[in-house]
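To start, the structure under review is shown below, and the notes come after it.
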Amino acid sequence: GSALGIKTQVPIIEHADVRRQLLAQKALSEGALHLCFFAASLVDAAKTDAEAATLLEVLIPVVKAWPSEWALEANKWAIQVLGGYGYTRDYPVERLYRDNRLNMIHEGTNGIQALDLLGRKAVMKGGAATKALATAMARDVHMNADILPDLAADLGAAVERYGATTALLGKELSQNPPRALANAHEYLNMVGHTVVAWLWLREAAAAQKAQPSA
C-alpha cells in the first residue's frame, strides 16, 4: 500500500509503523541473545572472580525468564508485520510462536523465576547482589557519559529506579511478603529491561569506539 504522504505504492518496510515493529523485534531478540551470552561469560569468569559469581547468581532467574517472554513478544510483532498472512501457515512465524510459547513454562514457569529473583536473590546477604549489579551498570554509565550522553543518562535513570524499587519491595517483603511478591513478575521485567539496556549501551559504546561515525 501507499505510505502516508506518498501517493505511489511502496514496500511495507517504507511504513513507519512496520519499521517500528522490526526495530522492536531486533531490540528484544538480539538483547535476549546478548543477555544469554553475557551470562555464559559470567559462568567462566565466576571460577576466579567473586563479582562475576555474584552477578551470575542474581541474573540466573532473569536469563531464564526474560528472553522467553520478550523474545515471544518479538515473535508476536513478526506475525503482525505480515498481517493476515502472519497468522497462516504460509509463513513460519505462527508455528514459531506456538513452539516458543512453551519457553515461559518449562523453565519452572516465569512466575517461579520472578519469586526467586525478588524473594531470594535481590535481598540475599543484605542486598549484596543488587548492589553489585547496580554498581556494574553505573560504572558503564559513567564510562560512556561523554561518548553516548543520551543513552548513558537514560540508563543511569533506570539504574536508580532499579535500586529504589528493590529497596521499596525489600522493605515490603519483610512486612507483608504476599503483597511484595505480587509485584515479582513486573519486578523481573524491570530488571530484565534494565540489564538488556545496559548490554545495548555496551554494544553501542564498542561500535562507537571502533567506528566513531557509527
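Taking every heavy atom of both residues into account, Leu169 and Tyr187 meet most closely at CD1-CD1, 3.7 Å. Minimum interatomic distance between Leu188 and Leu117 (heavy atoms only, all atoms of both residues): CA-CD2, 3.8 Å. Here the closest heavy-atom approach between residue Val123 and residue Leu173 is recorded as CG2-CD2, 4.1 Å. Summarising the geometry of Ala152 relative to Val141, their closest heavy-atom pair is O-CG1, 3.4 Å, with the distance given to 0.1 Å. Nearest heavy atom pair, residue Tyr87 against residue Ile79, reads N-CG2, 4.1 Å. Between Ala204 and Leu151, the shortest heavy-atom contact is CB-CD1, 4.2 Å.
Following chains of ILVMFWY side-chain contacts shorter than 4.5 Å, one cannot reach Val196 starting from Trp77, and the two form parts of different hydrophobic clusters. Side-chain heavy atoms closer than 4.5 Å link hydrophobic residues (I, L, V, M, F, W, Y) into clusters, and following such links, possibly through other members, connects Val43 to Val62. Hydrophobic cluster membership differs between Met137 and Met143, with clusters built from Ile, Leu, Val, Met, Phe, Trp and Tyr side chains linked at under 4.5 angstrom. One hydrophobic cluster, built from ILVMFWY side chains closer than 4.5 Å, cannot hold both Leu28 and Tyr97; they sit in different ones. Under a hydrophobic clustering in which Ile, Leu, Val, Met, Phe, Trp and Tyr are joined whenever their side-chain heavy atoms come within less than 4.5 Å, directly or via other members, Val191 and Phe37 fall into different clusters.
Here the two rings, on Trp198 and Tyr162, have centers that are 6.0 Å apart or farther. Checked against a 6.0 Å centroid threshold, the rings of His34 and Trp200 do not count as neighbours.
For Arg89, the CZ atom counts as loosely surrounded, since its 6.0 Å shell holds 12 or fewer non-hydrogen atoms of other residues, nucleotides or ligands.
No donor-acceptor distance shorter than 3.5 angstrom exists from the side chain of Arg179 to the backbone of Glu172, with no hydrogens or angles considered. Arg19 places a side-chain N or O within donor-acceptor distance of the main-chain N or O of Ile13, the cut-off being under 3.5 Å. With hydrogens and angles disregarded, a donor-acceptor distance shorter than 3.5 Å links the side chain of Thr135 to the backbone of Lys131. Counting only distance, with no hydrogens or angles, the side chain of Asn144 and the backbone of Ala205 share no donor-acceptor pair below 3.5 Å. Between the Thr194 side chain and the Val159 main chain, no donor and acceptor come within less than 3.5 Å of each other. Formation of a donor-acceptor pair under 3.5 Å by the Asn75 side chain with backbone atoms of Val93 is found in this model. Between the side chain of Asp49 and the backbone N or O of Ala45 there is no donor-acceptor pair closer than 3.5 Å.
A side chain to side chain contact (heavy atoms under 4.5 Å, CB included) with Ser68 is found for one member of Gln113, Arg101, Met104 and no other, namely Met104.
Between atom CD of residue Glu57 and atom CG of residue Leu133 there is a gap of 12.5 Å, rounded to the nearest 0.5 Å. Atom OG1 in Thr166 sits 8.0 Å away from atom CG in Leu118 (nearest 0.5 Å). Note that CG of Leu56 is 9.0 Å distant from OG of Ser41, once rounded to the nearest 0.5 Å. Expressed to the nearest 0.5 Å, how far CG of Asn176 lies from CG of Leu181 amounts to 9.5 Å. In this structure, Ile112 CD1 and Ile105 CD1 are separated by 12.5 Å, a value rounded to the nearest 0.5 Å. Between the CE atom in Met124 and the OG1 atom in Thr130 there is a gap of 8.0 Å [rounded to 0.5 Å].
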**OP:** Begin from the C-alpha positions of Glu51 and Arg139 and carry the test salt bridge (charged side-chain N to carboxylate O under 4.0 Å, His left out) through to its verdict.
**Re:** CA-CA 13 Å; Glu51 181 185 9; Arg139 187 185 306 134; 3.4 Å; yes
Subject >> Candidate pair Gln175 and Lys171, rule side chain to side chain contact (heavy atoms under 4.5 Å, CB included), full reasoning >> reply: CA-CA 7 Å; Gln175 299 173 352; Lys171 181 179 180 180; 3.6 Å; yes
Original post:
Does the pair Glu203 and Gln208 meet the rule for a side chain to side chain contact (heavy atoms under 4.5 Å, CB included), with working shown?
Top reply: CA-CA 9 Å; Glu203 286 192 43; Gln208 185 77 12; over 6 Å; no
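In this structure, Met190 and His185 have side chains that are not in contact, with every pair of non-hydrogen atoms separated by 4.5 Å or more. Between Leu22 and Gln25 there is a side-chain heavy-atom pair separated by less than 4.5 Å. In this structure, Asn183 and Glu186 have side chains that are not in contact, with every pair of non-hydrogen atoms separated by 4.5 Å or more.
Under the 3.5 Å distance criterion, with hydrogens and angles disregarded, a donor-acceptor pair is assigned to the side chains of Asn189 and Trp70. Side-chain polar atoms of Gln21 and His15 form no donor-acceptor pair below 3.5 angstrom.
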